[in-house]
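Written out below as structure tokens is the structure these notes cover.
Order of the sequence lines fixes the chain letters, A, B, ..., with proteins taken first and strands second; residue numbering starts at 1 for each chain. Values reported hereafter were calculated over all heavy atoms of this structure, with side chains retained and with hydrogens, waters and symmetry mates removed.
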Amino acid sequence: MAARCWLMKTEPDTFSIEDLARKKIEGWNGVRNYSARNFMKDMSVGDKVLFYHSSTEPPGVAGLAEVVKTAYPDPTQFDPKSDYHDPKAAPGKPIWFQVDVRFFKKLPRFLPLDELRGVPAIADMPLFHRSRLSVQPVTPEQYAAIVALAGK
DNA sequence: GCCAACGTTGGC
DNA sequence: GCCAACGTTGGC
């Protein structure tokens with residue numbers, strides 16, 4: 001099956017594209033939203049990811065990544081000391097899942113949300129009308145439009 | 001199963 | 001730091 005495309009948000013103060021460039025591969029843990037979780041469960045190895053910086057000034061797409069491991073239980077849900085601990089989850093009965101993503105590249109130019117909002121080709125992206133969804137599907141056309149916008 | 005209250009996200 | 005939007009929880 002052809003690779004699908006996604007947008008994944010992170011707060012750069014917590015984990016930025018530079019962090020991913022340094023670590024190469026990161027487990028995308030801490031997602032505690034059912035809709036976002038379900039999208040992660042749909043991901044396949046090789047799927048493309050727009051790496052989005054949120055809650056920062058300015059917010060926007062910072063780079064590209066790809067899925068290298070499909071959904072598996074997020075270990076932080078079992079850890080009472082973790083901010084992401086979920087007392088309703090138990091090993092063998094996981095509720096939350098994560099994927100692993102690998103750094104692909106930083107975009108040659110950061111694309112601020114404000115600029116993306118004005119681009120007709122991507123006007124249907126959930127980013128604009130479901131702002132709280134931290135993992136969201138992107139069409140190949142939208143993905144290509146964003147990469148093209150950033151330049152070579 | 002509805003919906004009010006509450007909590008969180010994320011842009012500004 | 002504020003607050004609108006919206007997802008989740010829990011009482012009924």
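Side-chain contact between A:R130 and A:S35: present, with at least one pair of heavy atoms (C-beta onward) separated by less than 4.5 Å. Inter-residue side-chain proximity for A:P94 and A:Q77 is flagged as met; some heavy-atom pair is nearer than 4.5 Å.
A:Y52 comes within 4.0 angstrom of the backbone, heavy atoms only, and of no base. Within the 4.0 angstrom heavy-atom criterion, only backbone atoms of the sugar-phosphate kind lie near A:H129; the bases stay farther away. As judged by a 4.0 angstrom heavy-atom cut-off over every strand, A:R32 is placed among residues making no nucleic acid contact. Using a 4.0 Å heavy-atom criterion, one finds that A:S55 contacts the bases of the nucleic acid, with or without backbone contacts as well.
Using a 4.5 Å cut-off between side-chain heavy atoms of Ile, Leu, Val, Met, Phe, Trp and Tyr, with links allowed through other members, A:M43 and A:V31 fall into the same hydrophobic cluster.
Residue A:W28 forms a ring pair (Phe, Tyr, Trp, His ring centres under 6.0 Å) with just one option from A:F51, A:F97, A:W6, and that option is A:F51.
Under the 6.0 Å cut-off for aromatic ring centres, A:Y72 and A:W96 do not qualify, their centroids lying 6.0 Å or more apart.
You can see that DNA chain C meets the heavy atoms of chain A within a 4.0 Å-exclusive cut from C:dA5 to C:dT9, reading 5' to 3'.
Few gaps surround CZ on A:F15; more than 12 heavy atoms of other groups in view lie less than 6.0 Å from it.
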